[in-house]
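As a basis for the values below, the full set of heavy atoms in this structure was taken, side chains included, without hydrogen atoms, waters or symmetry mates. Order of appearance sets the numbers: ligands from 1, and atoms from 1 within every ligand.
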Amino acid sequence: MGLGLGMATLGGFNKLQAADTPELPEASKTGFKDGAFVLPPLPYDYKALEPHIDEATMRLHHDKHHATYVKGANEALGKLDEIAAGKLDPSLAGHWMKQLSFHGSGHIMHVIFWNNMSPTPGEMSPAFKQAVDKQFGSVQNMLKLFKAACLAPEGSGWGVLGYEPLSGKLVIVSFEKHQNVGLPGLIPLLVLDVWEHAYYLKYQNKRADYVDAFMKIINWKDVSERYAAAVADHR
Ligand code: MN3
């Protein structure tokens, strides 16, 4: 399910680009190139988010963990192409589909995550702020629920604020691992990686402190642009 929603999101951004309506989040254009998933560079220096997120964590997280998902997603896509072409035993399909779901979702979530943060956060657009106020009562309420979503996964997962296209509502859910989403079709706008690899070097077991630190470096401009693109794409 995770991959399905991610692919739809990327496809939607491409369509918007062609229509020349809202400006695309830059990173969404850089996670896939020439027929393959690629590791996009961080949109800032490895140490730009200090002291909230340390350089060593960013280097490991981006260069090693995210790179592994890119490699795994491409490998799985390749194997499924081979199965479709009759070159590989179809009984292996289930295994490679699971691999694609896990690694592909991991890649898509990290592309959004890097761009959801900035050393210079910027402000919410009036349209996004209005949607938040309407749905949650206030930005503060929304962040409180988002924090709860980040603390909820007992193991590896994500806190996610997303746009639900059927209802046109903003919703907050937790993802388990990368790919087990709360709502099919949900378009992630703001995501926080709460796998231990995302915070353990600096915060050890204090996930709540890491979530509080993240709140100080949210790139609201990026989140607002994702919201505008999601709404425009599902009008
Ligand atoms: Mn991660």
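Ion pairing between E225 and K221 holds under the 4.0 Å rule for side-chain N and carboxylate O.
For D193, the N, O or S atom closest to the Mn ion (ligand 1) goes by the atom name OD2. Of all N, O or S atoms in H197, the one lying closest to the Mn ion (ligand 1) is NE2.
None of H107, H65, H103, H110 except one satisfies the ring-ring contact (aromatic ring centres under 6.0 Å, His included) rule with H178; the exception is H110.
H61 lies close to the Mn ion (ligand 1), since one of its N, O or S atoms is found at a distance under 2.8 Å. Residue side and main chain included, H110 places an N/O/S atom under 2.8 Å of the Mn ion (ligand 1).
Grouping the Ile, Leu, Val, Met, Phe, Trp and Tyr side chains by contacts below 4.5 angstrom, directly or via other members, places Y46 apart from L60.
Using cut-offs of 30° and 60° for the angle between ring planes, the F113 and W158 rings count as perpendicular.
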